[in-house]
Structure formats: C-alpha cells, structure tokens
Amino acid sequence: MRIDVATLFPDMCEAVLSESIIGRARKTEKIEVHCHQIREYTLDKHRRVDDTPYGGGMGMVMQADPIYRCFNAVAAMAEEKPHVIYMSPKGAVFTQQKAVELSKMPRLFVLCGHYEGVDQRVLDRIVDEEISIGDYVLTGGELPAMVMIDAVARMCPGVLAADECFEEESHFGGLLEYPHYTKPEIWEGEAVPPVLLTGHHKNIAAFRHEKAVEITKERRPDMYQKYVQNIKMDKK
C-alpha cells in the first residue's frame, strides 16, 4: 500500500509516522508513506495557500489550486487514481470496519485541512470521502490523519507479525478486547486467572471470549446490542 499525505506540516507527520511499528514497516517497505508540503504547489511567490472567505466570516480558507496541483502531481506517479480522503469533522466517524476496508486499497491520498477549512470546489473535484475521528474539532487534519493511517497501515500484510495481532483486538470482531496479564504470576497479592496457566487453548479462548463479552456489555452497551443482534441473525 502507498499512502500520500497532503499537509502544511509534513515534518509533524513524518515525526510520528517514522517511529514504532509504522516506521519499521516503512523501512522494510511493507508500506509506503509520503508526506507532501502543499505550499510547494502554490504559484504565489510568498507560498501563500489561504485567503479570506467569500461571504465574510472569521479565519482563512485553504485555496483550491495548490491542493489540486499537489493531488495531480501525486496521482501522476501511478496509473491508478488514489482513493482520496479529506480529514474533516463533518465526515463519517472512523471505525475499525472502515480501517479494514481502507487497508485493502492499493493507494490512499489523505488531505489535511487547516484554518477554517478548504475551498469546497476542490473537495467536490477530488475527494472520495470525508472522515472524522470523533465528534470534536482540532486545529488541523494532521493528528486525525495520523490516527487513521496508523489504524489502517497496521493491518497491511507484513506490518504486524501475524493477522492474529489485530484480529483479536477491540472492535475488530464487534467486541472490546479481553484483559491481558504477564509475569509475575502474583503481583501485589493478586494472581493471574488460573485458566491462563493451564495451557488448555480451548478453555483459554472461552475465558477470553467471556471476558470480552462482559467488558463490552458493561462499557459499550451499543456495541453489545449489535453483537447480540448479529448472533441472532447468524442463527437464522
């Protein structure tokens, strides 16, 4: 997978996406991530990429032309058009299911807005979907983009050691994840659940599933109801 990020702060994105698991995956060429400075595509001699909004109002709006030039330059790097995502609080809320869907795409182009937003005309021209990471507003699209990229990239082949690393996690199967334990066996008077020490894989799996259901029911009743409904549908 190749991911291109159009941003006013490429160094900020590089600092995060060059570390940890995603950084290692980039070095071993399991995924490609390229961060593009939108200012490099403006024709303004002062590298200006924003202007006042028509109709009045507070703040500035990112201009269409530099973004469009950046997109065209990136899109020309391969025959297949990238799937274009605009990080926006007006977008559909990002989910694990969406992360799975995006991880199967060969190319993503992620646009990070700033100021009061982006000229709607370029969004209408190039964007395939708008995505939000939650019902709140941040100062720019870079942090949401990095959250989304991390969630998507880690499911690409070879990024994690095995598919099981993410298939048993919270949200992936419709449940929150079961609790984890490690050495020592007894800490501050509290022991690890005995079933985890038996080596009986079937019993351990049953225990973990039971705990995942309990936690989901307690903390996310909305997810639990969907899980129950899906079970009923599967039994029909």
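- Taking hydrophobic clusters as Ile, Leu, Val, Met, Phe, Trp and Tyr residues chained together by side-chain heavy-atom distances below 4.5 Å, L143 does not share a cluster with V93.
- In terms of heavy-atom proximity, K211 sits nearest to Y178 at CB-CB, 4.3 Å.
- Both Y181 and I204 sit in one connected hydrophobic cluster of ILVMFWY residues. Membership requires side-chain heavy atoms under 4.5 Å apart, directly or through other members.
- Relative orientation of the F9 and H114 rings is tilted, given thresholds of 30° and 60° on the angle between their planes.
- Between E101 and K98 there is a salt bridge, since a side-chain N of the basic residue sits under 4.0 Å from a carboxylate O of the acidic one.
- When all heavy atoms of H36 and C70 are compared, the pair lying nearest together is CB-SG, 3.9 Å.
- With respect to the salt-bridge test (charged N to carboxylate O, under 4.0 angstrom), the residues D222 and K226 do not qualify.
- Residues Y68 and V61 do not share a hydrophobic cluster, clusters being chains of Ile/Leu/Val/Met/Phe/Trp/Tyr side chains in contact below 4.5 Å.
- Both Y136 and Y86 belong to a common hydrophobic cluster when Ile, Leu, Val, Met, Phe, Trp and Tyr are linked at side-chain heavy-atom distances under 4.5 angstrom.
- L8 approaches Q37 most closely through the heavy-atom pair O-NE2, 3.2 Å.
- Taking 4.0 Å as the cut-off between side-chain N and carboxylate O, R26 and E14 count as a salt-bridged pair.
- Taking each heavy atom of E142 and G113 in turn, the nearest pair found is OE1-O, 4.3 Å.
- Taking all atoms of both residues into account, the shortest heavy-atom contact from Y41 to P66 is CB-O, 3.4 Å.
- Classified by interplanar angle (parallel below 30°, tilted 30° to 60°, perpendicular above 60°), the ring pair Y227/Y224 is tilted.
- In terms of heavy atoms, Q63 sits closest to D119 at C-CB, 4.3 Å.
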